[in-house]
Amino acid sequence: MTGLVDTDGDPPDERAALFPPSRAAALERLSDFVPRAGRHYAAQRNRDPGPGGRDNVSLLSPYIRHRIISEHEVIARVLARHSPEAAEKFIQEVFWRTYWKGWLQMRPRVWRAFVAERDSDRARLAEDDGLREAVAAAEAGRSGVDGFDQWARELVATGYLHNHARMWFASIWIFTLRLPWTLGADFFLRHLLDADPASNTLGWRWVAGIQTPGKTYLATTDNIARFTDNRFGPHGLASEAPAIRDESPPAAGALPGPRTLPRGRRVLLLLHGDDFSGQEVLPKETDVAAIAVARRGHPDMPWPFGAATGHWVDTLAEDAARRAGESLQQPATVLPQLHAETLRSQCAAAGVTTIATPEAPVGPLADALDVIAHELAEDGIEVIPLRRMWDDLAWPHATHGFFRFKRQIPELLARNGL
């Protein structure tokens with residue numbers, strides 16, 4: 001992004017220290033959190049005591065986002081310790097991410113509209129010195145707004161922000177600093193370890209007032225002071241938050257049905273950053289000839305992460321390759337990108353004409369897989385995305401708002417055997 005502060009090259013050490021990039025670390029953190037997932041979480045989850053003091057939240061989101069651990073196993077562990085009533089708030093938080101993904105699956109043009117608007121706003125930076133300098137100051141934590149500047153620096157350094165801080169940050173970015181919402185969403189995409197296209201895009205749209213008609217989010221000094229234990233008390237915040245424009249999201253379209261893998265088909269298993277445990281989605285007794293794990297997206301549709309967060313995801317890919325190889329007793333190759341020519345060579349070496357891969361929700365990796373599937377089809381190679389049962393059961397209910405969706409959660413838990 002021309003003219004912005006160069007924060008993408010920061011070393012990944014602090015990210016790896018806070019979120020060790022492995023499934024073993026994710027399972028250890030899950031075990032540590034489970035005792036606090038009930039009433040303690042419900043009562044304390046909105047507080048942001050700052051780095052080093054967040055025993056009130058799970059700190060599992062980066063691992064769940066890349067499916068180093070799955071939503072199913074997280075909730076199963078929690079329900080082994082707590083009743084559904086005691087753990088209701090935590091269970092709902094896990095389902096929020098699922099809901100956003102399902103919502104966007106039925107409205108993919110919202111993602112495409114975000115990308116187009118973001119690219120247009122990026123182009124403005126080259127022409128508007130004032131805007132460029134304001135965005136650079138905000139990203140570097142030099143806006144002069146107490147709390148906001150500390151969150152900007154924390155995000156760049158650690159790849160994480162408390163969920164409440166994300167809402168305050170987005171509100172201040174849009175309504176106090178009056179910066180384009182897409183550039184704020186892009187800032188999050190480049191740095192958050194748990195950023196995904198659905199939660200990030202739709203969350204920013206909600207704050208801006210274009211996701212839910214009549215709804216915006218206004219950050220206030222009192223609310224920030226209360227939930228940060230008076231660490232911050234910013235002055236000069238916007239006193240009102242009018243929607244940035246009159247816009248309503250499109251109605252839900254048809255949800256494409258899940259694909260199936262023909263019985264007896266010998267396959268190359270392809271894992272990617274939307275599901276680094278995708279071997280779990282394979283039908284039993286699938287004949288896996290080889291495994292490929294892609295670190296990043298397509299060269300023409302790059303993974304949105306900046307260098308530091310991207311390095312963290314790269315390390316997850318290495319861990320995923322090792323785990324999948326051990327699980328399936330097959331060699332696993334780590335690929336730098338999702339590239340048709342590389343996969344063509346992998347298929348030739350394995351003697352297969354089918355690639356099985358976990359389905360990627362709407363976003364850069366889904367776009368990349370679509371391009372690759374088209375390119376490889378010319379050589380008679382079929383790419384078959386496989387949907388997890390968790391998503392297949394939940395996504396059809398994301399037709400309206402979350403409050404209608406959450407009424408389905410007890411039934412979804414039962415159908416998932418929980």
Side-chain angles (χ1 to χ4, degrees), residues 65 67 71 92 94-120 181-182 185-186 189 195-216 243-261 272-275 278 281 297-298 300-301 304 338 357-374 377 382-409 411-412 415-416:
R65 183 265 177 267
R67 277 183 165 155
E71 298 89 340
Q92 287 179 3
V94 174
F95 269 104
W96 259 108
R97 187 175 292 268
T98 303
Y99 162 75
W100 282 133
K101 288 180 179 179
W103 192 98
L104 197 60
Q105 286 298 113
M106 289 182 273
R107 303 164 180 88
R109 64 177 172 148
V110 171
W111 166 253
R112 294 193 292 270
F114 158 69
V115 172
E117 187 175 351
R118 179 202 62 187
D119 291 348
S120 177
W181 76 274
T182 64
D186 182 64
L189 275 177
D196 71 57
S199 297
N200 192 67
T201 304
L202 304 181
W204 275 82
R205 281 174 52 89
W206 178 77
V207 171
I210 55 176
Q211 179 65 21
T212 303
K215 298 288 186 180
T216 61
I244 62 170
R245 57 178 177 257
D246 184 14
E247 177 179 316
S248 296
L255 179 67
R259 298 280 303 277
T260 58
L261 190 66
H272 50 72
D274 278 348
D275 195 331
V281 79
H298 192 277
D300 297 333
M301 299 165 215
L338 285 169
T357 188
E359 182 176 15
V362 168
L365 291 184
D367 292 343
L369 290 171
D370 285 345
V371 169
I372 288 168
H374 178 75
E382 185 177 15
V383 178
I384 301 179
L386 300 174
R387 184 175 299 170
R388 282 181 180 257
M389 184 174 76
W390 180 271
D391 297 332
D392 193 40
L393 292 174
W395 285 354
H397 297 289
T399 53
H400 293 79
F402 181 76
F403 293 101
R404 182 183 298 192
F405 175 89
K406 76 176 184 180
R407 293 199 292 266
Q408 302 296 324
I409 290 178
E411 175 66 17
L412 291 174
R415 295 185 67 185
N416 276 285

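Bear in mind the structure is a predicted one, so any value in this text is a computation, not a measurement.
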Straight-line distance of [X] [atom1] to [Y] [atom2], nearest 0.5 Å:
| X | Y | atom1 | atom2 | value |
| --- | --- | --- | --- | --- |
| Phe402 | Thr212 | CZ | OG1 | 12.5 Å |
| Leu386 | Asp392 | CG | CG | 11.5 Å |
| Asp186 | Asn200 | CG | CG | 9.0 Å |
| Thr399 | Leu255 | OG1 | CG | 10.5 Å |
| Trp206 | Thr216 | CH2 | OG1 | 8.0 Å |
| Leu393 | Gln408 | CG | CD | 11.0 Å |

(message) Is it true that, when you exclude Arg259 itself, more than 12 heavy atoms of the residues, nucleotides or ligands shown sit nearer than 6.0 Å to its CZ?
(response) yes
(request) May I ask you to decide whether Arg67 forms a salt bridge with Asp391, counting only side-chain N to carboxylate O separations under 4.0 Å? (result) yes
(message) Salt bridge check, Glu117 against Arg205: does any charged N sit closer than 4.0 Å to a carboxylate O?
(response) no
(request) Verify whether the ring centers belonging to Phe114 and Trp181 lie closer than 6.0 Å. (result) yes
(request) Please check if the distance between the ring centroids of Phe95 and Trp390 is under 6.0 Å. (result) yes
(message) Run the side-chain hydrogen bond (donor to acceptor under 3.5 Å, both in side chains) test against Asp196 and tell me which residues pass, sequence neighbours left out.
(response) Arg97, Ser199
(message) Could you work out, with side-chain hydrogen bond (donor to acceptor under 3.5 Å, both in side chains) as the rule, every residue matching Thr182, not counting sequence neighbours?
(response) Asp121
(message) Is the ring pair Trp103/Trp100 parallel, tilted or perpendicular, if the boundaries are 30 and 60 degrees?
(response) perpendicular
Which pair of non-hydrogen atoms, one from [X] and one from [Y], has the smallest distance, and what is that distance?
| X | Y | answer |
| --- | --- | --- |
| Lys101 | Trp395 | CB-NE1, 3.7 Å |
| Asn416 | Leu412 | ND2-O, 2.8 Å |
| Thr98 | Ala394 | CG2-CB, 3.6 Å |
| Pro197 | Arg65 | CD-NH2, 3.9 Å |
| Ala398 | Gly102 | CB-C, 3.7 Å |

(request) Could you tell me whether the side chain of His272 and the main chain of Pro358 form a donor-acceptor pair under 3.5 Å? (result) yes
Side-chain contact test, heavy atoms from C-beta onward, threshold under 4.5 Å: evaluate it for [X] versus [Y] and give yes or no.
| X | Y | answer |
| --- | --- | --- |
| Val371 | Asp300 | no |
| Tyr99 | Leu202 | no |
| Pro258 | Pro385 | no |

Without placing hydrogens or testing angles, list every side-chain donor-acceptor pair under 3.5 Å for residues 359-369, not counting sequence neighbours.
unit_1: Glu359; atom_1: OE1; unit_2: Arg387; atom_2: NE; d: 2.6
unit_1: Glu359; atom_1: OE2; unit_2: Arg387; atom_2: NH2; d: 3.2

